[in-house]
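Structure, as structure tokens:
First the proteins, then the strands, lettered A, B, ... as listed; each starts at 1.
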Amino acid sequence: MEWLVVVLNFIGQQILNVPAYLVGIITAIGLIALKRPAGAVIGGGLKAALGFLILGAGAGVVVGSLTPLGNLILLVTGAQGVIPTNEVITALASVEYGATSAYVLTLGFVVMLALARFTPLKYVFLTGHHMVFMALLLSVVLSVGFGPDLNWLVVLIGALLLGVIMVVMPAFAHPWTKKITGDDTIAIGHFGTLGYIAAGAAGQATGQKSHSTEKINFPQGLKFLRDSMVATAISMVLIYMVFAVWGLIALPQQEAFDVFGSADTGAYIMAAFAQALQFGVGVAIILYGVRTILGELVPAFQGIAEKVVPGAKPALDIPLVFPFAANAVLIGFLASFLGGLISLALLAVWLGPVFGLALILPGMVPHFFTGGGAGVYGNATGGRRGAAIGGFVNGVLITILPAILLLVLGELGFANSTFGDADFGWFGTLIGVSLLTGVPAIGVVLTVVIAVVLVVVASIFQIRVVNTGWTPGAKRDAWLASEAEKAEAEKAAEKAAAKDAAAPAVETKA
Amino acid sequence: MKIVAVCGMGIGTSVLLKMNAEKVLRTLGVDADVEAADIGVARGMARDAQIVLTSEEFASEIGDVPAQVIVIDNFFDLEEITTKLKAALPE
């Protein structure tokens, strides 16, 4: 029987432990379950595996560009500088935790389907990249907490937590989402949800007498920021330039030049510029990898979900709400970026020195997507003011939360990047904190309690709040209606006045 | 035939659009490769594609390309995708 052990060992170590092969196999199994032709199964599986390898290649490029920046920031400020980019940290972490996270992802998807089938939370989370990011985050945090020997426990608990978070977040956001889209057919499945709910609440609190953003005519000049390649490059060039110039001023010249190994000031500045663009190159490669994986994996997953939970609402990516309030996206993004900058200052002068939190530099892409989303949610309850304040609140959240999350990410916390969006921050930290005792049994109990509480609270919320049709910001709606009525009355009065003025003229003519 | 589905990052809504387009193409019995793309590479990918599917905002950004750009209002409305694709496909 020794040969069997050897074969199983080979399969376990050389195939099922290699993330790329594993993802390829999972995709192929999904496609087989959907009864796709053999060619599609082989092609899909192979493409998903290649996508994973592309991810690794992009990670190498990003690390190459982040390392000198990290050194530079450390030299001039004495603090660790971090750029939260989900794609980047995912690519970095997948080298070590890729296989574990692939198991968490697959099993977590099953848990989600079971919850959607048997609880009131009828949502199927289809935002594939966020599924992958969350699976990785949970794998990292749980591996750090449970230690390296309890891999099976990491997979079980990780899958449970992943399945739970994927059905509860769309439920919590749903009253606002319904208000934005105007119907009940789709939900938001995105791990920036805490930011959106906060924006909706902030909008309701502050914008009771504020008109919708969509009545403003905006210049179209900022639209290019939707292009992630452009946005990433611009923000990295800005960040790199700020610290490169700071380095020139604050450091002995030779020490600054040594960061990039340059000979003079011109070469030093251009080296910083080139590294900033390299970061954009790395992210583009990673995105290509993510896209290649998801293009195969999500259809396989969705096909299965449709069969298991017919009639469940698809929970989708945040840009889905952008068309409902295009101006609010822009306002939310700018306000979020501002919130990020102000929070960065707060980290630098207070939170960093006192609590040892890292400096979280604003990344343009997370601020655009989650800030834009927060703007739309804020606008739905609080108009212009709601969009601005909602975006700002989101910007503060996605700066402070990642700084706290870094404390529980273990050695990965030194990789100069972290997960960006709000839910990764609070959920990851909550799980990390419940593992702090170092005793696996206590960690298991606490995490399971968290999962159960979330499902129960979300179910109650779904039945009591979502299903009963509560509308956030109803007061403002009433105010808007009365304003519209007033405007209508004014118009009518004007018309009547015009008629009166015109009438005598007609008479004299006659 | 190559069809490109476009959104901001090329990993979220465009993947869903790609899936729905594939579903429609299967029922129509049309053999085509559908790929998801972000707006950054969309113009380049549209060079050797026949059809580009996207939302109204991105359609204006993609601008003038050799491929036929089709605006889809609701990425989840299979009927809309079917009618618009049918009209665009060569007989």
Among B:Glu56, B:Glu22, B:Glu35, B:Lys18, the residue with the most heavy-atom pairs under 4.5 Å to chain A is B:Lys18
Greatest number of non-hydrogen atom pairs under 4.5 angstrom with chain B, of A:Val365, A:Leu287, A:Leu320, A:Ile186, falls to A:Leu287
Rounding to 0.5 Å, atoms OG1 (B:Thr13) and CD1 (A:Ile318) come to a distance of 11.0 Å
Between the NZ atom in B:Lys23 and the CD atom in A:Gln302, the distance rounded to the nearest 0.5 Å is 5.0 Å
Within-4.5 Å side-chain heavy-atom neighbours: [X] and [Y]:
X	Y	value
A:Arg291	B:Asp38	yes
B:Phe76	A:Leu316	yes
A:Asp317	B:Met9	no

The interface call for B:Ala42 against chain A, heavy-atom contacts under 4.5 Å, is neither
Okay, B:Val41 and chain A: the region with an atom under 4.5 Å from a heavy atom over there is side chain
If one checks every heavy atom of A:Val230 against chain B at 4.5 Å, the contacting part turns out to be neither
Honestly, the part of A:Tyr288 sitting under 4.5 Å from a heavy atom of chain B is neither
(Q) Can you confirm whether B:Asp73 is buried at CG, in the sense that more than 12 heavy atoms of other residues, nucleotides or ligands lie under 6.0 Å from that atom? (A) yes
Heavy-atom count around B:Asp48 CG within 6.0 Å, excluding the residue itself: above 12? yes
Residues at least two apart in sequence or cross-chain that pass ring-ring contact (aromatic ring centres under 6.0 Å, His included) with A:Phe424, listed by chain then number, are A:His130, A:Phe191, A:Phe419
Step-by-step side chain to side chain contact (heavy atoms under 4.5 Å, CB included) determination, A:Met229 to B:Ile39
CA-CA 9 Å; A:Met229 215 188 252; B:Ile39 184 71; over 6 Å; no
